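To find a chain, count down the sequence lines: A is the first, B the second, and so on, and within it residues start at 1. As a basis for the values below, the full set of heavy atoms in this structure was taken, side chains included, without hydrogen atoms, waters or symmetry mates. Just so it is clear, the structure is predicted and the values come from calculations on it, not from any experiment.
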Protein chains: 2
Amino acid sequence: MAGIKDVAAHAGVSVATVSRVLNGHSGVREDTRARVLAAVSALRYRPNALARSLRTDQTRTLGLVISDVLNPFFTELARAVEDAARSRGYSVIIGNADEQVALQDHHVRTLLDRRIDGLLVSPAEGDSVALREAAVSGIPMVFVDRWIEGLDVPLIRADGRGAVRELVAHLYALGHRRIAIITGPVASTTSNERVRAFRSALCEFGLPLPEHYIGQGDFQTASGRQAAEAFFTLPEPPEAVFATDNLMALGVMDQLRTLGLRVPEDVALAAFDDIPWFLHTDPPITAIAQPTQELGHRAVAALTDLVEWGSPRTPSGEGCAGSVTLSAHLIARRSCGEDERTRR
Amino acid sequence: MAGIKDVAAHAGVSVATVSRVLNGHSGVREDTRARVLAAVSALRYRPNALARSLRTDQTRTLGLVISDVLNPFFTELARAVEDAARSRGYSVIIGNADEQVALQDHHVRTLLDRRIDGLLVSPAEGDSVALREAAVSGIPMVFVDRWIEGLDVPLIRADGRGAVRELVAHLYALGHRRIAIITGPVASTTSNERVRAFRSALCEFGLPLPEHYIGQGDFQTASGRQAAEAFFTLPEPPEAVFATDNLMALGVMDQLRTLGLRVPEDVALAAFDDIPWFLHTDPPITAIAQPTQELGHRAVAALTDLVEWGSPRTPSGEGCAGSVTLSAHLIARRSCGEDERTRR
DNA sequence: GGTGCCCGTGGAATCGATTACATCGCACAT
DNA sequence: ATGTGCGATGTAATCGATTCCACGGGCACC
């Protein structure tokens, strides 16, 4: 493959000059520039990004580590991140952690070895040595959606507490009193927030949350199935189930189907994270929607600010400097029962 | 950040020795090795992958360019590819072309600039200069699922013709006679194959395929919606619709819903590509399933063979050397109507 | 006509690794 | 005692770019 030297030779100039025209530096005579450009296309020359990055110490590449690509929420997020990054002249390398800290750390280290300019992470649950090291190493880094307590890293997320309260109100209005929840991994920040908001909303309505109405999940489909199975072997099963992510909601539906239970007649179902398919399930599923696109865009904005300015440009009220909190909202459909709002 | 020189200095050896222990070369005394390793962890040294790749001319990285990340078929494929690659010691960089040739070419060029070792592509429809150039440039390359005619590149795919015939038989058995299809982009190889198989199966059953029963789509949700809209303003609308991918099927359902049409009572619906949500739609959707995981694994196997051996190791019967053809199969659910097999 | 300056260009160091080749010391055979 | 060979290690070239600095020539000004 042709290198810069070949181009220089072909154009009868030095490599320095070739480099100058390629990088749009001024101070190159017009005819020289033309000759160089001609040589470039004659040889189909493309600069070696590795060599360039080695020298300039920047890759114009962002790393994105997400916990599960198969989760539509994250793939939509990844898509938004990629778009935003590209429009700013960055590429994105995605690592899929599959909810495993070990895999996540593997990706973080690989990305760092490649000298990415910045790191965007939605950390899996658990103690991540690689992330702690990265955070103190000073590499530009921001969390999206999920975060790790105690690290001084900006966080871009949607606050779901208001929407969870709305959801509980909605369920209450429809007459449900025995309401269960399926959580994410125990130490998951997002799951915990959702559970806390849920608990306090129930409390507000004077409803209990017995231990056996808390299903321990892990944000994966199978755990939703298991939790549902447990609920419906209870002497007094719940009237409504709230799954704290969409994959677990899918698992619940799977299980309900094999149990022969109907939604919403036999049990109401709601999920955190809205996805296009929820419109077409039987019945359409009530869900809490996050502003996924905006999350992705804001995250990239925050990260590139960090990369290019060395510090967040957007001041923040609470939390770590540069953090942004948007809000989620409830989309009521038919899976919790009908009321004036949802009846068509 | 610490470099190999710092490690060498700290351990009191030369950089060559450090490099030797890091790469597991023999001929280093045990105590020296220990000192180096100690220095490595004392300084938290991590080798610079850019420098290493520049020198060795290999990145142990594969590029994957897919046409749409938001399509569950491709995200599942990407996931399988990443797994297979990782287990062979490669990383994967994913580029999302969003069905646009320009974007696809952008990604191909970016990946090539980064000197990836091999390229896996599921090309979008249209004439891709970058892909043609890549193919002749001799970089290891394989197509998955979709391909470009006339390029001598191994192809890993599933043959859907048998399954399409099965589907038509299924529809026929359920009494449907006016059957419509929604195609992908005109020049799409996969779409064309599906359409051809569909047409010949209809013919086999003595059914016509009038022009107005062919909806021109582009593998995206919106086009499914539009095609359905066109079908149902026809004086004699179809009794069954076959969408050649899952996103367009989603669009059809959207449109059917706004039209107030029921599936399968008013119209039957089937899709190419099975996804987990099809089990839970209203009604569950009959679909043709591809062995997605295996497609991904085989593709990586073929590509790494090419990278490491310089030529395909697996001989192939037909088509380009190294090509693999698996087969898809029909999964009958309730969206086309009930028969003994699907009635529960 | 000499001095100084700017413009366009080339030479060479540099980024951080790998690796061919040189070197050194030591044991062993002659 | 000296040559030989081998094992362990160091020196320096190299990959392909960027960029600092130097150089030469033309022009303006004194």
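Qualifying side chain to side chain donor-acceptor pair (under 3.5 Å) partners for B:Thr75, counting only residues two or more places apart in sequence or in other chains: none. Residues meeting the side chain to side chain donor-acceptor pair (under 3.5 Å) test with A:Arg35, sequence neighbours left out: none. Residues passing the side chain to side chain donor-acceptor pair (under 3.5 Å) test with A:Asp113 are B:Arg46, sequence neighbours excluded. When the side chain to side chain donor-acceptor pair (under 3.5 Å) test is applied to B:Thr189, no partner is found at least two apart in sequence or on another chain. Taking the side chain to side chain contact (heavy atoms under 4.5 Å, CB included) definition, one finds that B:Ser91 meets it with A:Thr110, A:Arg114, B:Thr61, sequence neighbours left out. For B:Arg52, the side chain to side chain contact (heavy atoms under 4.5 Å, CB included) partners two or more places apart in sequence, or in a different chain, are B:Asn23, B:Pro47, B:Thr56. Among residues two or more places apart in sequence or in another chain, the side chain to side chain contact (heavy atoms under 4.5 Å, CB included) test is passed with B:Ala2 by B:Asp6, B:Leu43.
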Scoring nucleotides 6-16 of chain C by protein non-hydrogen atoms under 4.0 Å (B base, S sugar-phosphate only, - none) yields --SBBB-BBBB
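Residue A:Arg79 comes nearest to B:Asp98 through the heavy atom pair NH2-OD2, 2.9 Å, listed as atom of the first residue, atom of the second, then distance.
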Donor-acceptor pairs are to be reported for all side-chain atoms of residues 142-149 of chain A against protein atoms at under 3.5 Å, with residues two or more places apart or in another chain.
| unit_1 | atom_1 | unit_2 | atom_2 | d |
| --- | --- | --- | --- | --- |
| A:Arg146 | NE | A:Pro123 | O | 3.2 |
| A:Arg146 | NH2 | A:Ser67 | OG | 2.9 |
| A:Arg146 | NH2 | A:Glu99 | OE1 | 2.6 |
| A:Arg146 | NH2 | A:Glu99 | OE2 | 3.3 |

Report all interatomic pairs (protein N or O, nucleotide N or O of nucleotides 23-28 of chain D) with separations under 3.5 Å.
none

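Among residue pairs with one or both ends in residues 116-127 of chain B, those qualifying as salt bridge (charged side-chain N to carboxylate O under 4.0 Å, His left out) are B:Asp127-B:Arg132; sequence neighbours excluded.
Overall, the helix from C:dG1-D:dC30 to C:dT30-D:dA1 carries an axis bend of 70° between its ends, with five pairs at each end and the value rounded to 10°.
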